[in-house]
Amino acid sequence: MAQHKPPFTLETAHRKVKAAQALWNTRDPSKVAQAYTPTSIWRNRSTFLRGHAAIEDFLTKKWEKEKEYRLRKELFAQQDNRIGVQFWYEYRDAQDSMIWKRCYGIEHWTFAADGKMEKRMMSGNDVVIGEEERWFKDGADVDSVALGEADFQGQ
């Protein structure tokens with residue numbers, strides 16, 4: 001993910017977002033942690049952490065609870081060394097394998113000159129979904145899935 005460096009253009013920011021999406025979809029905590037600076041700071045909902053070891057530990061626990069995790073990220077905004085991202089991911093709850101959830105969220109990223117992320121601020125909300133409501137299933141490419149505008153009808 002570090003190959004795209006600031007200042008970002010619309011095109012390089014888009015590539016950076018899709019590289020992050022691909023990396024997170026590996027569900028490999030040690031690989032993902034390497035995309036961040038050694039002192040990177042995170043806010044993930046109500047959790048605050050710093051550095052590779054904390055990131056790796058956090059992601060290990062996350063993906064133990066979030067089975068069949070599939071993520072899509074889309075560029076929301078970019079300027080200089082900052083990128084705003086909108087994301088959606090789905091997972092099966094490890095405590096009850098019959099329950100599927102989708103997280104809707106926003107991230108704000110700040111990058112060091114080498115292209116590694118030095119700050120990640122994430123806000124997200126999980127909703128329970130039924131099997132028929134899932135977007136990312138049957139091995140579908142997450143980028144080819146039409147996101148559910150029906151979710152917002154009547155709102």
Side-chain angles (χ1 to χ4, degrees), residues 1-4 8 10-36 40-49 52-79 82-111 115-117 119-155:
M1 190 166 88
Q3 68 272 23
H4 306 295
F8 295 108
L10 190 58
E11 181 182 330
T12 60
H14 176 74
R15 286 196 306 241
K16 189 75 160 180
V17 169
K18 290 305 177 178
Q21 172 184 296
L23 183 60
W24 275 66
N25 276 327
T26 69
R27 296 184 302 259
D28 183 333
S30 61
K31 207 176 198 182
V32 173
Q34 294 308 305
Y36 300 87
S40 184
I41 59 171
W42 278 30
R43 180 181 63 78
N44 197 92
R45 302 176 201 232
S46 60
T47 300
F48 295 81
L49 39 122
H52 287 166
I55 292 168
E56 193 169 335
D57 182 59
F58 175 85
L59 292 174
T60 298
K61 291 174 182 167
K62 170 186 178 62
W63 288 321
E64 286 172 357
K65 293 185 278 185
E66 298 176 355
K67 302 298 183 186
E68 298 180 56
Y69 174 97
R70 299 284 307 281
L71 166 72
R72 178 160 168 185
K73 292 181 182 279
E74 292 294 338
L75 177 64
F76 186 76
Q78 94 344 289
Q79 181 181 23
R82 296 182 308 253
I83 296 177
V85 176
Q86 190 173 355
F87 69 86
W88 308 263
Y89 67 84
E90 294 177 352
Y91 64 95
R92 188 173 45 80
D93 191 311
Q95 291 183 355
D96 183 343
S97 64
M98 300 302 291
I99 295 178
W100 281 91
K101 293 182 180 176
R102 182 180 303 124
C103 181
Y104 296 85
I106 304 258
E107 293 176 324
H108 176 259
W109 301 342
T110 305
F111 292 88
K116 291 193 175 197
M117 196 180 303
K119 183 166 65 169
R120 174 184 175 266
M121 300 288 133
M122 180 274 218
S123 296
N125 298 298
D126 291 339
V127 295
V128 174
I129 58 173
E131 175 68 31
E132 69 285 352
E133 297 172 283
R134 290 182 53 219
W135 294 340
F136 310 134
K137 58 183 173 180
D138 302 327
D141 173 15
V142 294
D143 287 318
S144 68
V145 174
L147 300 178
E149 290 182 28
D151 287 351
F152 303 101
Q153 290 179 353
Q155 299 298 319

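In this structure, the side chain to side chain donor-acceptor pair (under 3.5 Å) partners of K18, at least two apart in sequence or on a different chain, are Q21, E74, D143. The salt bridge (charged side-chain N to carboxylate O under 4.0 Å, His left out) check on E131 picks up R134, with sequence neighbours excluded. Residues meeting the salt bridge (charged side-chain N to carboxylate O under 4.0 Å, His left out) test with R45, sequence neighbours left out: D126. Qualifying ring-ring contact (aromatic ring centres under 6.0 Å, His included) partners for W100, counting only residues two or more places apart in sequence or in other chains: none. For K62, the salt bridge (charged side-chain N to carboxylate O under 4.0 Å, His left out) partners are E66, not counting sequence neighbours. Under the rule for a side chain to side chain donor-acceptor pair (under 3.5 Å), T47 has no partner lying at least two apart in sequence or in another chain. With sequence neighbours excluded, no residue forms a side chain to side chain donor-acceptor pair (under 3.5 Å) with T60. Every residue two or more places apart in sequence or in another chain that forms a ring-ring contact (aromatic ring centres under 6.0 Å, His included) with Y91 is listed here: Y89. For K101, the side chain to side chain donor-acceptor pair (under 3.5 Å) partners at least two apart in sequence or on another chain are D93. Under the side-chain contact (heavy atoms from CB on, under 4.5 Å) criterion, S30 pairs with D28, E56, sequence neighbours left out. Evaluation of the side-chain contact (heavy atoms from CB on, under 4.5 Å) rule for T12 yields F8, T9, R15 as partners, not counting sequence neighbours. In this structure, K67 has no salt bridge (charged side-chain N to carboxylate O under 4.0 Å, His left out) partners at least two apart in sequence or on a different chain.
A donor-acceptor distance shorter than 3.5 angstrom exists from the side chain of K16 to the backbone of G115, with no hydrogens or angles considered. Put simply, the side chain of R102 never gets that close to the backbone of V127: no donor and acceptor are under 3.5 Å apart.
With rounding to the nearest 0.5 angstrom, the NZ atom of K31 is 14.5 Å from the CH2 atom of W24. Taken to the nearest 0.5 Å, the NZ atom of K116 stands 5.5 Å off from the NE2 atom of H52.
The closest side-chain heavy-atom distance from V17 to I83 is below 4.5 Å. Under the 4.5 Å side-chain criterion, counting only non-hydrogen atoms from C-beta, I99 is in contact with V128.
A salt bridge does not link E90 with K137: every distance from a Lys NZ or Arg NE/NH1/NH2 to an Asp or Glu carboxylate oxygen is 4.0 Å or more.
Remark: the R72 side chain and the N25 side chain contain no N/O donor-acceptor pair separated by less than 3.5 Å. R120 and T110 share no donor-acceptor pair across their side chains, judged by distance under 3.5 Å alone.
Under a cutoff of 6.0 Å and an axis angle of 45°, K73 and F87 form a cation-pi pair. Taking the ring centre of W109 as origin, the terminal cationic atom of R82 falls outside the region bounded by 6.0 Å and 45° from the ring axis.
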Checklist line | From CA spacing to verdict: side chain to side chain contact (heavy atoms under 4.5 Å, CB included), W63, Y69 | finding: CA-CA 7 Å; W63 288 321; Y69 174 97; 3.4 Å; yes
